[in-house]
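Worth knowing before you read on, the calculation uses all heavy atoms, side chains too, and leaves out hydrogens, waters and symmetry mates. Order of the sequence lines fixes the chain letters, A, B, ..., with proteins taken first and strands second; residue numbering starts at 1 for each chain.
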2 protein chains.
Amino acid sequence: MPHYFIRKLEQFTKLSRSDRQALENAAGQRRTVAKHSDIISEGDDPHHVNLILDGWACRYKQLDDGRRQIIAFFVPGDLCDSHVYILREMDHSIVALTPVRLAEISRATLERMADDHGRVTKALWWDTLVTVAVQREWTVNLGQRTALERLGHLFCEVFLRLRGVGLTDGATCDFPLTQVELADALGLSNVHINRTLQELRRAGLIGLKGGRLTIPDFDALQRASLFNPNYLHLDHEGRLFDADGPV
Amino acid sequence: MPHYFIRKLEQFTKLSRSDRQALENAAGQRRTVAKHSDIISEGDDPHHVNLILDGWACRYKQLDDGRRQIIAFFVPGDLCDSHVYILREMDHSIVALTPVRLAEISRATLERMADDHGRVTKALWWDTLVTVAVQREWTVNLGQRTALERLGHLFCEVFLRLRGVGLTDGATCDFPLTQVELADALGLSNVHINRTLQELRRAGLIGLKGGRLTIPDFDALQRASLFNPNYLHLDHEGRLFDADGPV
DNA sequence: CGCATTTTTGATCAAGTTCAATATCAGTGG
DNA sequence: CCACTGATATTGAACTTGATCAAAAATGCG
């Protein structure tokens, strides 16, 4: 069941029973991917769309001389690339950072859903727009923020995204990334990530241990990181309506 | 006439006369925006989609303490944000960097076009996907590349995008950006931009004077910047087919 | 010509990198 | 349960890229 995915979309708009059923059915082909193995690689022809059911993954690009930039993180409920199949080949790769369970959604299924379920289509558009907004925010993060702000900003973002799909527990959530992965995502060296993490811990802004992240005072971390959640567009009131009536 | 826009889409797929006509008609409301004035601002409710007919603009985000990051550049033929109107408010602003002439395309018009012109819809998707790919590449640029590589990479990208709409003249094109704007886009100080530009000029990799950019040896600049054009997805052969027959 | 913007230069400074070594941790097999 | 191994985290010291500050020169435009 694409449980988390439906939960995510329902942040934007309430779905009908039939909408939800269509989404359940869509996630046909299941696949398990081992930690550190590519889900799809640069140069591949993208046939279908991948939906993360469980585990963490990331999008990355490798320069010719080996430097690697992580471009996005995927958590449960994330759709890797709606409509990629329009392109001839992938311009980047996606790799599993933990063991990942995913669903492969075919182009045909997606197009059928677009025809029959207007609300789902609109929710998918919302999801796409938010994904792009996140990408833009990463650009700001890398371009303008200091090391400490970058890390804090990432923690705020990931925490809110996980909370959106019900994967937080109070002020705590899973956070299985290594310091090298954080470094590759934030354009910093792993050494500096390590020192900056210590600084965040010393300041009481985060706890991070054994793959679990705690943000004791979200407001404080948000202020320290110049984090503004507006780009996640979580403000939509559509989710309050009942959608089981007529469209 | 959204001349450049049509030209851009036809890089991806050949359009029929009727497709082109629909695009011409779509670009209804025209507007002129003075240099340095916002086309749309963070917090605004986005009613329609903006299409740049002429001039350069950029997307930017301002942090609370004043730091500004330019997130994308827009050149003639660029569509600012397909489907933004799904969101309640803008999470960033768009400002004219030169005098800009633009067309405002309403939500209704876009939706009508999606229904009646499958080829156009697909071409718009391609455009959207490429825009996002560019955003990802900027993340890589800011995260991994040195000052010289960043500048060179931007020059390569902008040059190819302009060439795609016929706005280059041999190895030369317009380039009306100031060094401060380059600095805000590349996450560097204007002073360092200045010195890096000199380095690029000394190396014979670029000429830049009076708002005109020359790239005497594209290959050399590409190598120096680790630029790989695959993310622009210019490889589609669809553009070779005749589209005036049936879909 | 005169004013505002943009570019250029010099000098000092700081954030983050690099390199290299050590410590810790999570599994794994015996 | 423990010893072993590879991966991950931590520390120290020297170094570099690019930032900052401040002033001067060049450009462009009304």
Side-chain angles (χ1 to χ4, degrees), chain A residues 34-37 56 63 65-70 95-99 141-154 174-202 206-213 224-225, chain B residues 34-37 56 63 65-70 95-99 141-154 174-202 206-213 224-225:
Chain A
K35 181 168 166 171
H36 292 156
S37 87
W56 288 43
L63 299 190
D65 65 359
R67 281 176 272 173
R68 174 176 89 145
Q69 176 68 36
I70 290 179
V95 68
L97 298 174
T98 68
N141 214 19
L142 292 175
Q144 298 298 327
R145 281 185 254 260
T146 64
L148 189 128
E149 291 163 353
R150 281 186 218 186
L151 262 170
H153 193 279
L154 180 67
D174 276 343
F175 200 91
L177 306 179
T178 68
Q179 295 183 3
V180 170
E181 285 156 359
L182 285 172
D184 284 351
L186 298 176
L188 298 165
S189 68
N190 58 334
V191 173
H192 200 56
I193 289 285
N194 182 285
R195 290 180 174 133
T196 309
L197 280 175
Q198 292 180 44
E199 203 179 331
L200 281 164
R201 280 191 272 242
R202 250 184 285 120
I206 62 151
L208 180 57
K209 180 145 201 178
R212 299 281 292 172
L213 167 70
S225 319
Chain B
K35 181 167 164 172
H36 293 155
S37 84
W56 289 43
L63 300 190
D65 64 358
R67 279 175 274 174
R68 175 176 89 147
Q69 176 68 37
I70 289 178
V95 68
L97 297 173
T98 68
N141 214 19
L142 291 175
Q144 299 298 325
R145 283 185 252 260
T146 65
L148 190 129
E149 290 163 354
R150 282 185 217 184
L151 261 170
H153 193 279
L154 180 67
D174 276 341
F175 201 90
L177 306 180
T178 67
Q179 295 183 4
V180 171
E181 285 155 0
L182 285 171
D184 285 351
L186 298 176
L188 298 164
S189 69
N190 59 332
V191 172
H192 200 56
I193 289 286
N194 183 282
R195 293 185 171 127
T196 310
L197 280 174
Q198 293 180 45
E199 202 179 331
L200 280 165
R201 280 191 272 244
R202 248 184 284 119
I206 62 151
L208 180 56
K209 183 150 196 166
R212 300 281 292 172
L213 167 71
S225 319

Undergrad: Would you mind telling me which residue lines up with the more 5' stretch of DNA chain C, B/His36 or B/Val191, judged by nearest nucleotide?
TA: B/His36
Undergrad: Between D/dA19, D/dT27, C/dT18, which nucleotide gets closest to the side-chain atoms of A/Ser189?
TA: C/dT18
Undergrad: If you check every side-chain atom of A/Leu188, which of C/dG16, D/dT27, D/dG18 has the closest atom?
TA: C/dG16
Undergrad: Whole-Å distance between D/dG28 C1' and B/Lys209 NZ?
TA: 12 Å
Undergrad: Please state how far atom CD in A/Glu149 lies from atom P in C/dA15, giving the value in whole angstrom units.
TA: 12 Å
Undergrad: Within the 4.0 Å heavy-atom criterion, would you say A/Gly187 contacts the bases, only the backbone, or no part of the nucleic acid?
TA: sugar-phosphate
Undergrad: Taking all non-hydrogen atoms of both residues, which atom of A/Ala96 and which atom of A/Ala34 are closest, and how far apart?
TA: CB-O, 3.5 Å
Undergrad: Rounded to the nearest Å, what distance is computed from the CG atom of residue A/Leu197 to the P atom of nucleotide D/dT8?
TA: 15 Å
Undergrad: In terms of side-chain heavy atoms of B/Gln179, which of C/dT17, D/dT10, C/dT8 is nearest?
TA: C/dT8
Undergrad: Under 4.0 Å, heavy atoms only, any strand: does A/Thr178 hit a base, just the sugar-phosphate, or nothing?
TA: sugar-phosphate
Undergrad: To the closest 0.5 Å, what do you measure between CG (B/Leu197) and CG (B/Leu182)?
TA: 6.5 Å
Undergrad: C/dT7, OP1 or OP2 - any side-chain N/O from B/Asn194 closer than 4.0 Å?
TA: no
Undergrad: From CD of A/Glu199 over to C1' of C/dA15, roughly how many Å is that when rounded to an integer?
TA: 11 Å
Undergrad: Please report, rounded to the nearest Å, how far the C1' atom of C/dC19 is from the CG atom of A/Asn190.
TA: 11 Å
Undergrad: Quick one: closest heavy-atom pair of A/Ala183 and A/Asn190, and the distance?
TA: CB-N, 3.6 Å
Undergrad: At under 4.0 Å, does any side-chain N or O of B/Gln198 touch on OP1 or OP2 of C/dT7?
TA: no
Undergrad: With a cut-off of less than 4.0 Å, is there a side-chain N or O of B/Arg201 near OP1 or OP2 of C/dT7?
TA: no
Undergrad: How many whole angstroms separate atom CG of B/Leu142 from atom P of C/dG16?
TA: 15 Å
Undergrad: Whole angstrom is fine here: how far is it from CZ in B/Arg202 over to P in C/dT8?
TA: 12 Å
Undergrad: Indicate, with a heavy-atom threshold strictly under 4.0 Å, whether B/Thr146 touches base, sugar-phosphate, or nothing.
TA: sugar-phosphate
Undergrad: Of B/Glu181 and B/Arg195, whose closest DNA chain C nucleotide lies nearer the 5' terminus?
TA: B/Glu181
Undergrad: For the atom pair CD1 (A/Ile193) and CG (A/Leu186), what is the distance rounded to the nearest 0.5 Å?
TA: 5.0 Å
Undergrad: What verdict does the side chain to side chain contact (heavy atoms under 4.5 Å, CB included) test give for B/Arg212 and B/Asp174, after you've listed the backbone C-alpha separation in whole Å, the side-chain angles of each residue and the deciding distance to 0.1 Å?
TA: CA-CA 5 Å; B/Arg212 300 281 292 172; B/Asp174 276 341; 2.8 Å; yes
Undergrad: What is the distance, to the nearest angstrom, from the CD atom on B/Gln144 to the P atom on C/dT17?
TA: 10 Å
